[in-house]
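Presented below is the structure to which this report refers.
Please read all numbers here as calculations on a predicted model, not as lab measurements. Naming: A, B, ... by sequence-line order, numbering from 1 per chain.
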Protein chains: 2
Amino acid sequence: MATIKDVAKLAGVAVSTASYALNHKSRVNAETAKRVLEAAKTLNYQKNGIARDLKRSKTETIGIIVQDLSGPFYSELMRGVQDTLLTHQYGLIACSSIGGNVTTASKFLQERRVDGVIILAESLPDELILQSVREDFPIIVLDRKLDSDSIIHVLVDNFSGGYQATQHLIDLGHKELAYIGGPSHNRDNQLRFEGYKQALKDSGITLHPSWILQGQYTREGGYSAAKILMMQGNAPSAVFCANDEMAVGALKAFKESGLHIPNDLSIIGFDDIEISQYISPPLSTVKQSNYEIGSLAAHLIYQALNEGIEGKDYILPTELVLRKSTSATKKMEA
Amino acid sequence: MATIKDVAKLAGVAVSTASYALNHKSRVNAETAKRVLEAAKTLNYQKNGIARDLKRSKTETIGIIVQDLSGPFYSELMRGVQDTLLTHQYGLIACSSIGGNVTTASKFLQERRVDGVIILAESLPDELILQSVREDFPIIVLDRKLDSDSIIHVLVDNFSGGYQATQHLIDLGHKELAYIGGPSHNRDNQLRFEGYKQALKDSGITLHPSWILQGQYTREGGYSAAKILMMQGNAPSAVFCANDEMAVGALKAFKESGLHIPNDLSIIGFDDIEISQYISPPLSTVKQSNYEIGSLAAHLIYQALNEGIEGKDYILPTELVLRKSTSATKKMEA
DNA sequence: CTGTTAGCGCATTCAC
DNA sequence: GTGAATGCGCTAACAG
């Protein structure tokens, strides 16, 4: 492979001159520059980015670590990141967090192959992240809270989201409200649950323990939880699922039992995943503005890299997406 | 940031010794090694991967360029790539092709930041790829054919897929077969169309020009094409859509017009995208084994890097996925 | 087993 | 406007 040395030699100039010419610095005589560019072309010269990065000790690209490259990951979020990074002339590369800690993720985190990193992977061990903290290496963690004030957090207001969803059901006249939750140690789930409880409390509705179920955030879990709910005999009039996956599963279970959604039972999810709008009936849900999250994360990293930054924690609001799976109670209609 | 030099100094050894110790080579005395590791820890030393890569002139990671990181990209394919690369201890990083040719994609392609690259992005200009051809830098292009024999192609047998889909419809007794195609310059579409034509020909069915429509591979395009089909008066008894997106759109149009699928009309797609199984009725389609494609691509790149390779073009078969959107003609049933 | 040294390929400072 | 020299941080001969 031709190096800049070869180019310089062929053009009959010093390496430094070749470098200037190749990088379009104005210092070089137009004539000379032309000769260099030609030499580069005939040699099929391609710069070695690694050497360049090493010399300049920056890469001008930032990494994003996702749970699993084979997604489906938050496409809107990714778009947000991409767009704003692009306007700042930064590159973006993604890698997955799977594979233990001898993976590409750790290469990003620990080996300075990127100038900063955005983490969107629950499964990446806290310690790995904490170990990677160092000066001038911004780390943005999405949707997760770590105990270090060198790390910038971008969080979604799960509490308010849970509150919103529940309140919506209450506004519709429902008083018998079940909750199908995610893994109990999951922070998002905890906060959504808190929001649910607070909304009930504010409306003076008592919480009914047998209506609090666990669905592990999976479609199957939601399905089972719904089945259990029905087997108990005292079915609620509405259910709030802590994510859409579970809502999809629950919906299926209810429909299989001959219940009509939303006439017999209202159901609301959380996340607004893609298929929520395609299922029947289309699912009402709570949406996080993922584009905004991504865009904010990218912006923060850019700022951290170029201007410095003070605040550390950012909390973004949620919004209600009303579709066809929720409606007023029959009681009200009557 | 601490460098290996600092570590060596603190441990009171030479840099090389520190390097060996840090890389767990057996050459170093256990005692010394321990001292080095400790020094590294107290200094919070983290290796500079860039410098390492430069020195060794290899990165042990390969890049995959996708159309748009904000997907939905072929998750099965990605999983195939990931899995097999992992078994070979290679890392994987992904980037998007958007943003002109000053992007991360070109950094992958031209600046030796990865050892090889898999391209899954239609929009990436041919020239950019062709320019990046060089020795010992394997380039695998998926689902697209370029004019260079240094490039390895992995293609799907679109012709057979088109043939399969059409033949399935014919086997069901259909003789009035419409085709809703993608962009006419699109090679996949051309081949699928060829397959369709061949199947008709082999069964002695004459092709009906007014049943050949264009849907641009989009849901809306499929919808419009279906509408046109119905407005023409002589509706076919079955339609083959060159991709699932269009099939989804067409399905919607037909249902809106009161047709019952599959009783009144059979419809088959291509790709087996995720929602195909959730729509009503679930869509029959033709599937490419994306996992296999990804896995093959990864395997090829590994081979090219480590053992050399001879063959250049690989064509993978398609398979029929039968669901509820196709059935025997009413005529046959009668 | 350990230390010395020479680059990897490039950008950049300082002379001229 | 151009060239010579330096070093980014690391690994891998080679010597001891």
Comparing nearest nucleotides in DNA chain C, the 5'-proximal residue of the pair A:Lys47, B:Thr17 is B:Thr17
note: A:Arg52, atom CZ; D:dG9, atom P; distance rounded to Å ~ 17 Å
Apply the test side-chain hydrogen bond (donor to acceptor under 3.5 Å, both in side chains) to residues A:Ser295 and A:Thr84: give CA-CA distance (whole Å), side-chain angles for both, the deciding distance (0.1 Å), then the verdict.
CA-CA 6 Å; A:Ser295 172; A:Thr84 92; 4.6 Å; no
- B:Arg79 (side chain) donor-acceptor with A:Asp68 (main chain) under 3.5 angstrom: no
Under 3.5 Å: donor-acceptor pair, side chain of B:Arg112, backbone of B:Ser57:
no
With sequence neighbours left out, the residues meeting side chain to side chain donor-acceptor pair (under 3.5 Å) with A:Asp83 are A:Tyr291
Can you tell whether the side chains of B:Asp53 and B:Arg113 come within less than 4.0 Å, N to carboxylate O?
no
Comparing B:Arg56 with A:Arg56, nearest DNA chain C nucleotide closer to 5' gives the residue B:Arg56
(Q) For A:Arg134, is the CZ atom crowded, meaning more than 12 foreign heavy atoms sit under 6.0 Å from it? (A) yes
DNA chain D nearest-nucleotide lookup for A:Ala14 and B:Tyr45: closer to the 5′ end is A:Ala14
Next on the checklist: Less than 4.0 angstrom between a side-chain N/O of B:Asn23 and OP1 or OP2 of D:dT11, yes or no?
Outcome noted: yes
Quiz item: Under the 3.5 angstrom rule, does the side chain of A:Thr61 hit a backbone N or O of A:Val114 as a donor-acceptor pair?
Solution: no
All N/O contacts under 3.5 Å from nucleotides 5-7 of chain D to the protein, with atom names and distances to one decimal?
residue: D:dG7; atom: N2; partner: A:Lys55; partner atom: NZ; Å: 3.1

Query raised in the report: Taking B:Ser132 for the side chain and B:Leu128 for the main chain, is one N or O donor matched with an acceptor at less than 3.5 Å?
Result: yes
A:Asp53 CG to D:dG9 C1', in whole Å, measures 13 Å
A:Tyr20 atom OH is separated from D:dG3 atom P, nearest whole Å, by 12 Å
* Does a side-chain N or O from B:Ser19 land closer than 4.0 Å to OP1 or OP2 of D:dT11, or not? -> yes
Is the backbone of A:Ile273 close enough, under 3.5 Å, to the side chain of A:Asp271 for a donor and an acceptor to pair up by distance?
no
Contacted region of DNA chain C by chain B, from 5' end to 3' end of the hits, cut-off under 4.0 Å to heavy atoms, spans C:dC1 to C:dG9
